[in-house]
Number of protein chains: 2
Amino acid sequence: MTIITWQSVQAEALRRIRSREWPPGGQIPHEADLAEELGCSRGTVNRALRDLAEAGLLERRRKAGTRVPLNPVRKATLEIPIIRQDVEGRGQSYNYRLLSTREATPPPEICEKLSLKKPDAPMVHVLALHLADDAPFCLEDRWINLQVVPEIAQTDLTEISANEWLVQNAAFSAGSFAFGAMAAPEATAKWLDCPIGAPLFTLDRTTWAAALPITSVRLCYIPGYQMRAEI
Amino acid sequence: MTIITWQSVQAEALRRIRSREWPPGGQIPHEADLAEELGCSRGTVNRALRDLAEAGLLERRRKAGTRVPLNPVRKATLEIPIIRQDVEGRGQSYNYRLLSTREATPPPEICEKLSLKKPDAPMVHVLALHLADDAPFCLEDRWINLQVVPEIAQTDLTEISANEWLVQNAAFSAGSFAFGAMAAPEATAKWLDCPIGAPLFTLDRTTWAAALPITSVRLCYIPGYQMRAEI
DNA sequence: AGATTTAATATGTATGTACATAATAATCGA
DNA sequence: TCGATTATTATGTACATACATATTAAATCT
C-alpha cells in the first residue's frame, strides 16, 4: 500500500486536469469527496488543491467549489539572481568594474519610476559594468535614494557592487520589474563592446522600503542574452 | 485581542527580516518558540515560514533550523497572460490576424528547441499578428507538432488563435520560457510596422506533453513593449 | 585519533476536529 | 414578483497530536 501525501494528491489532480478528465470550465469534486476517494484527509486534499490554485491551474471559491479555469493565466516563477550568481551559474568567472559615481539630481524619468513628484534632494548615480570571463556582460545604471540609505555615500563601491551592498544592507519591502528591449546608445555600446543600435535585453527594477523608494536600476545585457524561466 | 492568523505571523516575520531584527545569515527562533511567543500553534508558524522559504526569503533545513539567507535569490512571479488578456488588460481592443499556415519540415533551430534529433515529420507552421486597437502588437511565429495534436490541421485558425486553441485543447505538462531581444528582420518589421533593425522584446516558449514536444513559439513585441512583474 | 553508530532535534506532513468565511440557494414577507 | 432575510454549503484556517525525515551532535568502537 502506497502512502498518500499532498504531493501525490497534487500529481493526481494535475493528471486529471491535463488529461481533461477534469475538463476546462468544469467543476471538480469537493474536497471531502476527493479525500474519501483518494483515501486521505481533507486537509491533505486542501493543501494539494490550494497550491494548484496559487499556480493558476485551478479556481477555488467558497461555496461555489473548485473548477478548472477556461483561460488559465500561467504563472512562471522567475528566479532573479544577483548578477554574480547568474554569471557563476554559467560556469564563467565574475568580475565587476565601477565606472562612475556621483551625486546628482535625478532626471524626470527616474523621478517617475521612484514616484517622486520632483527631485527635492540629490541622489547617488552609479554606473558599473559586470563582466563574465572578463568580457562585458551587463551594464548597470542605478540611482540610489540618499534619504533612505545615506550610508551608501560612504561605501566603497569599487569593492562591492551597489547591487550586493543594497541586498545585504537595505531593508526592502516591495519591488517591481519590467523587461524590455532597447537599441544600444553610443555610450552603452562602448561599454558593452557591441555595435551602436544593437538590440539589448533590459531589466528595470525599482525597490521600496515601505513607502520610500530606495533605488531604481536599469540593467542592459549584451546582445544575445536570454533570461530563462520554467513553468 | 487580535486573532493570530498565518498571514499575521508571516507579516511579523517579514518585518523582522526587513528590519534586520533577524539579520542576514542569522538563525531565527524555532517554530515552537515562535509559536509560544506569538501565541499560536506550531502549524500556523510553519505555514507562515514555509511560504517565506518558498519565496526565497528564508532557508529552512530539518534539524539545522531556519535562517535568513545572505544572498537571497529573489523569486518573482510572472503572470504570462494569453495575449488577448494582455491587450484587454491595457484597456485596448484585441484583434487577431492569421498571416499564413503551412505544413513544412521545421528548421534545425526549431528541432533543437523541441529536442528532436532530426525532423522526421512535417509540422504546422503558423504566422499570426496580434493587434491592439487595430495596431500591430505582437508577431507570433509558431511550430506545432502534428504527431501530438493532429486535430490542429483541421482547425480554422482564422477564428481562434493557435495560442488559445492549444491552451484550451492540448494537455500539457511542462514548459520553458526565455526572454530576450532581437533586431527586427525585414519581414517582421513590415508586419509590426516598425523600422528594420528596431529592438524587439522576444518571448520564446516551448511546451511539452510528457516527453512529447507540442509547440515552440516566438513572440516578437512592438518596440517599447515591456513585460512587468512584481516581487 | 578517526571512523562508525546512535541519539537528539527542527522541520515536514497527516489526521480529526472545530469553527470562520464567503457565496449561493431557499425562504418568507410585502 | 421582487427584495430582504435566512439557511446551506464548500472552502479557509486554527489547533493538538502524532509520527516521518533529514541532519547534526554525541557517543562508541577500533
Side-chain angles (χ1 to χ4, degrees), chain A residues 1-14 16-17 21-70 72-73 75 77, chain B residues 1-14 16-17 21-70 72-73 75 77:
Chain A
M1 130 146 201
T2 56
I3 10 167
I4 309 293
T5 64
W6 68 265
Q7 289 97 333
S8 70
V9 173
Q10 188 172 77
E12 172 62 13
L14 253 183
R16 294 188 185 182
I17 294 170
E21 199 170 316
W22 291 344
Q27 194 124 5
I28 78 169
H30 309 152
E31 288 186 351
D33 291 352
L34 275 173
E36 196 186 355
E37 182 201 334
L38 300 173
C40 63
S41 76
R42 185 168 80 87
T44 306
V45 174
N46 183 279
R47 169 81 192 267
L49 299 189
R50 190 215 305 149
D51 278 19
L52 288 178
E54 272 168 25
L57 278 97
L58 286 175
E59 271 176 6
R60 323 194 76 203
R61 268 165 54 229
R62 281 165 167 159
K63 164 80 179 174
T66 304
R67 52 178 57 252
V68 183
L70 264 177
V73 176
K75 288 180 184 166
T77 313
Chain B
M1 126 146 203
T2 56
I3 12 166
I4 308 294
T5 64
W6 68 265
Q7 289 96 333
S8 70
V9 172
Q10 188 172 78
E12 171 62 12
L14 253 183
R16 294 188 187 183
I17 294 170
E21 200 170 315
W22 291 343
Q27 194 124 6
I28 78 169
H30 308 152
E31 287 185 352
D33 291 352
L34 275 173
E36 198 186 353
E37 183 201 334
L38 300 173
C40 64
S41 77
R42 187 167 81 84
T44 306
V45 175
N46 182 280
R47 170 83 192 265
L49 299 188
R50 191 215 305 149
D51 278 19
L52 288 178
E54 271 169 25
L57 276 97
L58 286 175
E59 272 175 6
R60 325 193 75 203
R61 267 164 53 228
R62 280 165 166 159
K63 162 77 178 180
T66 304
R67 53 178 56 249
V68 184
L70 266 177
V73 175
K75 289 180 183 160
T77 312

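Keep in mind that what you see is a predicted model, and the values were worked out from it rather than measured. Chain letters run A, B, ... following the sequence lines, proteins first and then strands; every chain starts at 1.
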Problem set entry | Nearest listed nucleotide, side chain of B:Thr44, among C:dT13, D:dC15, C:dA22 | D:dC15
For this session: Can you tell me the distance, in whole Å, between the CD atom of A:Glu54 and the P atom of D:dT11?
Result: 16 Å
For this session: Kindly indicate whether the side chain of B:Arg47 and the base of C:dG12 share any N or O donor-acceptor pair separated by less than 3.5 Å?
Result: no
Problem set entry | Minimum-distance nucleotide to A:Lys63 side chain [options: C:dA8, C:dT15, D:dT9] | D:dT9
Exercise. B:Gln10 CD to D:dA14 P: how many Å, rounded?
Worked result: 11 Å
For this session: Could you work out which one of D:dT9, D:dT11, C:dT13 sits closest to the side chain of A:Thr66?
Result: D:dT11
Problem set entry | Close side-chain approach of A:Val45 and A:Trp6, heavy atoms under 4.5 Å | no
Exercise. Looking at the side chain of A:Arg61, which of C:dA23, D:dG12, C:dA10 is the nearest nucleotide?
Worked result: C:dA23
Seminar exercise, completed: Per atom distances to the A:Cys40 side chain, the nearest of C:dG12, C:dT15, C:dA23 is C:dT15
Exercise. Could you state the CG-C1' distance from A:Leu49 to D:dT13, rounded to the nearest angstrom?
Worked result: 16 Å
For this session: Output yes when B:Glu31 and B:Arg47 qualify as a salt bridge under the 4.0 Å nitrogen-oxygen rule, no when they do not.
Result: no
For this session: State plainly whether the residues B:Arg50 and B:Glu54 are in salt-bridge range, i.e. N to O under 4.0 Å.
Result: no
Exercise. Which listed nucleotide (D:dT11, C:dA14, D:dT23) is nearest to the side chain of A:Trp6?
Worked result: C:dA14
Exercise. Which of these nucleotides, C:dG12, D:dT24, D:dG12, is closest to any side-chain atom of A:Glu31?
Worked result: D:dG12
Exercise. Out of D:dA16, C:dA10, C:dA14, which nucleotide sits closest to the side chain of A:Thr5?
Worked result: C:dA14
Exercise. To the nearest Å, how far apart are B:Asp51 CG and D:dT13 C1'?
Worked result: 13 Å
For this session: Give the C-alpha distance, both sets of side-chain angles, the deciding distance and a yes or no for salt bridge (Lys or Arg N to Asp or Glu O under 4.0 Å) between A:Glu37 and A:Arg16.
Result: CA-CA 14 Å; A:Glu37 182 201 334; A:Arg16 294 188 185 182; 2.7 Å; yes
For this session: Kindly indicate whether the side chain of B:Arg42 and the base of C:dT13 share any N or O donor-acceptor pair separated by less than 3.5 Å?
Result: yes
For this session: Select one nucleotide: of D:dT11, D:dA14, C:dT11, the one nearest the side-chain heavy atoms of A:His30.
Result: D:dT11
Problem set entry | Atom pair CG/CZ of A:Leu58 and A:Arg67 - distance to nearest 0.5 Å | 11.0 Å
Problem set entry | Distance in angstrom units between A:Leu34 CG and D:dA10 C1', rounded | 12 Å
For this session: Between A:Gly43 and A:Ala64, name the one whose nearest nucleotide on DNA chain C is closer to the 5' end.
Result: A:Gly43
Seminar exercise, completed: When rounded to whole Å, the CZ to P distance for the pair B:Arg62 and D:dA25 reads 18 Å
Problem set entry | Sugar-phosphate, base or nothing in reach of A:Gln7, heavy atoms under 4.0 Å | sugar-phosphate
Exercise. When you look at B:Val9 and B:Leu34, which way does the side chain to side chain contact (heavy atoms under 4.5 Å, CB included) test go after all the steps?
Worked result: CA-CA 9 Å; B:Val9 172; B:Leu34 275 173; over 6 Å; no
Exercise. Just how far, in rounded Å, is P of C:dT24 from CZ of A:Arg67?
Worked result: 10 Å
For this session: Round to a whole Å and report the spacing from CG of B:Asn46 to P of D:dA16.
Result: 15 Å
